[in-house]
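So the structure is just underneath, and the comments pick up after that.
Atom set for the values below is all heavy atoms of this structure, side chains included, hydrogens, waters and symmetry mates excluded. Letters A, B, ... are given to chains in the order of the sequence lines, protein chains preceding strands, and every chain is numbered from 1.
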Protein chains: 2
Amino acid sequence: MVSRILNNDPRLRAREDTRDRVKAVASQLGYMPNHAARALRLSHAETVSLVVPDATNPIFSEMFRGVEDEADIAGLQVLLGQSLDLRPDSNLLRRLVDQGRVDGFVLQVSARQEVHEAEQAIADRVPVVLIHARGQRRGSVILDDEGAAQLATEHLLALGHTDIAMVSGPVPAQTASRREKGYARAMSEAHVRRRPTWTVKAGYSPEAGRQAARHLLSKPRRPTAMVVANINAALGVLKGARESKVSVPDELSVVAIHDTWLATTTFPELTTVRMPLYQMGREGVRQLIARLSGQRPEDVVITDPPPVLVERESTAEAPRRR
Amino acid sequence: MVSRILNNDPRLRAREDTRDRVKAVASQLGYMPNHAARALRLSHAETVSLVVPDATNPIFSEMFRGVEDEADIAGLQVLLGQSLDLRPDSNLLRRLVDQGRVDGFVLQVSARQEVHEAEQAIADRVPVVLIHARGQRRGSVILDDEGAAQLATEHLLALGHTDIAMVSGPVPAQTASRREKGYARAMSEAHVRRRPTWTVKAGYSPEAGRQAARHLLSKPRRPTAMVVANINAALGVLKGARESKVSVPDELSVVAIHDTWLATTTFPELTTVRMPLYQMGREGVRQLIARLSGQRPEDVVITDPPPVLVERESTAEAPRRR
DNA sequence: ATGAAAGCGCTAACAA
DNA sequence: TTGTTAGCGCTTTCAT
């Protein structure tokens with residue numbers, strides 16, 4: 001009775017003054033429902049888990065906030081897990097489910113395979129919403145990676161560049177192939193020839209970016225611009241360029257996808273494409289909640305707001321042809 | 001009975017074969033105790049909360065791992081909170097306590113004041129262990145900041161520098177004053193005169209570091225080396241130096257405290273002092289658990305392992321006197 | 001329209 | 001040494 005009033009049960013018929021009286025007393029007593037008792041009675045944990053490869057990657061910052069905000073609205077707790085910490089043998093995720101500690105997952109798989117196994121193990125027990133990747137027959141939310149890469153490439157094209165390389169992600173990453181597609185699209189729409197050897201599968205780490213840059217800059221014919229699929233890799237590209245004695249942006253323009261605080265710490269500051277990571281986090285939880293109440297999995301693409309170019313110092317007009 | 005066997009209650013006398021039988025059946029059934037029921041019965045959440053100013057600061061990475069590892073051993077869940085997200089009016093922390101969702105906090109206060117209020121509100125309801133700062137009459141764990149700064153300074157001294165500046169932290173940060181002390185100690189032990197204007201209170205952000213560097217490098221008499229109290233600020237110092245057309249390490253050596261993956265992404269790579277952040281995280285939880293079982297607050301300094309100098313490319317021998 | 005009571009899964013106290 | 005049971009605080013069904 002009291003419980004239903006406090007939880008604003010719409011199906012309950014109660015006199016207005018009773019409602020008020022109950023609520024008044026409750027707030028006077030500073031009443032707060034005990035979480036464990038609720039969880040036990042309702043047999044759900046009111047907790048969701050966000051699992052990302054590395055929680056301290058600034059790219060996750062915004063997404064994490066989105067997840068937290070949306071969860072907070074629904075009165076859900078969020079447990080942060082790092083998938084890189086998951087040993088193949090440690091079925092941490094499974095244990096969480098078995099103990100009834102979490103109701104579902106928002107999961108970003110890393111390039112490593114192990115997580116997929118963990119995912120398998122939990123997927124038929126509780127709902128899982130995939131982030132940054134489509135799965136088979138489960139919910140997912142991804143960004144407009146293709147549009148972002150296209151935007152980045154068009155920016156370089158507009159500056160007069162035609163010798164544009166792409167430093168892409170690792171092979172298993174779906175984001176990588178979508179971003180490659182956006183790059184390719186922009187190039188062909190501008191009728192600019194694309195050299196196959198100028199698209200290099202690197203990785204999303206500074207070291208991978210550095211090696212890719214050095215590789216591309218060691219060729220007899222150098223690109224004058226690079227679209228880098230990930231800002232952390234771009235940090236490495238900047239470094240590789242410097243080591244190759246190539247000046248950014250005078251001799252080489254660099255645009256990266258994702259905009260974090262690191263973009264303004266470099267010299268020159270990085271031109272980037274900002275992605276709606278916050279919204280992705282919110283949508284992930286929203287969808288998980290929907291699944292929890294019985295709805296079917298959806299695959300959504302966040303298009304609002306769209307990717308936006310943040311012009312800084314690492315891009316400039318194409319150098320004159322020698 | 002069964003419960004006590006599974007929880008390995010040492011005070012229980014039971015026949016060996018009964019124990020085995022119970023355990024065998026339990027594992028065969030894949031039995032896992034329900035978390036909510038335990039929490040309700042035991043009236044504690046088996047959850048601790050780690051609150052840091054900004055969870056995506058790489059400096060917290062290791063500490064977070066330490067917290068997770070120690071919590072995992074004790075079967076505790078960890079809830080990550082960001083104190084920067086805490087609006088003064090939002091008593092999120094308080095709500096967590098009122099709902100019985102967390103048993104205690106490992107709390108790193110930011111320079112901002114608000115958190116202290118939040119802290120006040122929760123401190124007499126559940127135990128709080130402070131990180132990076134001493135509090136009055138509550139547990140705390142800090143690092144050997146003085147030793148770290150001294151080590152950094154001695155490294156510069158050993159390279160022949162005498163014109164050494166200190167880019168310190170914001171005034172309210174206890175870490176800042178401890179690090180200043182270490183710098184001062186190294187200087188006076190080496191009988192090197194310390195200019196008061198060369199110790200500048202900046203902040204732990206790249207922008208603060210950049211401004212401090214530009215300020216110091218705009219003086220008629222420039223330092224040839226800087227001890228930077230925080231690696232993120234050091235990112236800005238590197239940038240400020242470049243903007244001031246001062247070459248690192250040829251004209252200016254830079255050492256920073258804390259060693260994160262960012263240290264190798266810069267050009268030149270940063271020489272740093274690595275701090276035992278992982279151990280600090282573990283100790284924080286260990287102490288919180290002790291408090292939960294009734295022990296009194298302690299103030300501990302992590303000295304094992306000690307701070308260690310990681311020499312990279314941003315420090316070099318002092319330039320010859322003009 | 002409101003009050004009473006059962007029961008979620010566990011642990012600890014008590015009986016046998 | 002082992003089995004039985006009350007009760008943690010909540011929600012929800014069933015009486016009133």
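- For the pair A/Leu6 CG and D/dC10 C1', the interatomic distance rounds to 11 Å; values are reported in whole Å.
- With the end axes of the helix from C/dA1-D/dT16 to C/dA16-D/dT1 each set by five pairs, the angle from one to the other reads 60° at 10° resolution.
- Nucleotide C/dG9 holds its C1' atom 16 Å from the NE2 atom of A/His44, rounded to whole Å.
- A/Arg4 has no side-chain polar atom (N or O) that falls below the 4.0 Å cut-off from OP1 or OP2 of D/dT12.
- Rounded to an integer number of Å, the gap from CG of A/Asn7 to P of D/dT13 is 14 Å.
- Using a 4.5 Å cut-off on side-chain heavy atoms (C-beta onward), A/Lys23 and A/Asn8 make contact.
- Inter-residue side-chain proximity for B/Leu277 and B/Leu143 is flagged as met; some heavy-atom pair is nearer than 4.5 Å.
- What separates CG of B/Leu40 from P of C/dT11 is a distance of 11 Å, to the nearest Å.
- Look at A/Arg38 and you won't find any side-chain N or O under 4.0 angstrom from OP1 or OP2 of D/dG9.
- Between the CG atom of B/Asn8 and the C1' atom of C/dT11 there is a distance of 15 Å, rounded to whole Å.
- Taking the side chain as every heavy atom from C-beta outward, B/Gln99 and A/Gln77 never approach each other to under 4.5 Å.
- Residues A/Leu50 and A/Val285 form no side-chain contact, since every pair of their non-hydrogen atoms from C-beta on lies 4.5 Å or further apart.
- Considering B/Leu42, B/Asn34, B/Leu40 as possible partners of B/Arg38, the one that fulfils the side-chain contact (heavy atoms from CB on, under 4.5 Å) test is B/Leu42.
- Using modelled atom types and a 3.5 Å distance limit, the side chains of B/Asp299 and B/Ser140 yield a donor-acceptor pair.
- Using a 4.0 Å cutoff on non-hydrogen atoms, the parts of residues 18-37 of chain B near DNA chain D are B/Thr18, ordered by number.
- The CG atom of B/Leu42 sits 13 Å away from the C1' atom of D/dG7 (whole-angstrom rounding).
- A side-chain contact (heavy atoms from CB on, under 4.5 Å) with B/Val141 is found for exactly one of B/Arg282, B/Gln287, B/Arg134, B/Gln279, namely B/Gln287.
- Considering only the side chain of B/Arg15, D/dT1 comes nearest among D/dT1, D/dT11, D/dC8.
- Here the P atom of nucleotide C/dC10 and the CZ atom of A/Arg41 are 16 Å apart, to the nearest Å.
- Electrostatic pairing of B/Arg65 and B/Glu68 does not count as a salt bridge here, judged by no charged N lying under 4.0 Å from a carboxylate O.
- For the side-chain hydrogen bond (donor to acceptor under 3.5 Å, both in side chains) with B/Tyr204, the lone residue among B/Thr175, B/Asn57, B/Asn232 that qualifies is B/Thr175.
- We find that CG of A/Asp98 is positioned 15 Å from P of C/dG9, with the value rounded to whole Å.
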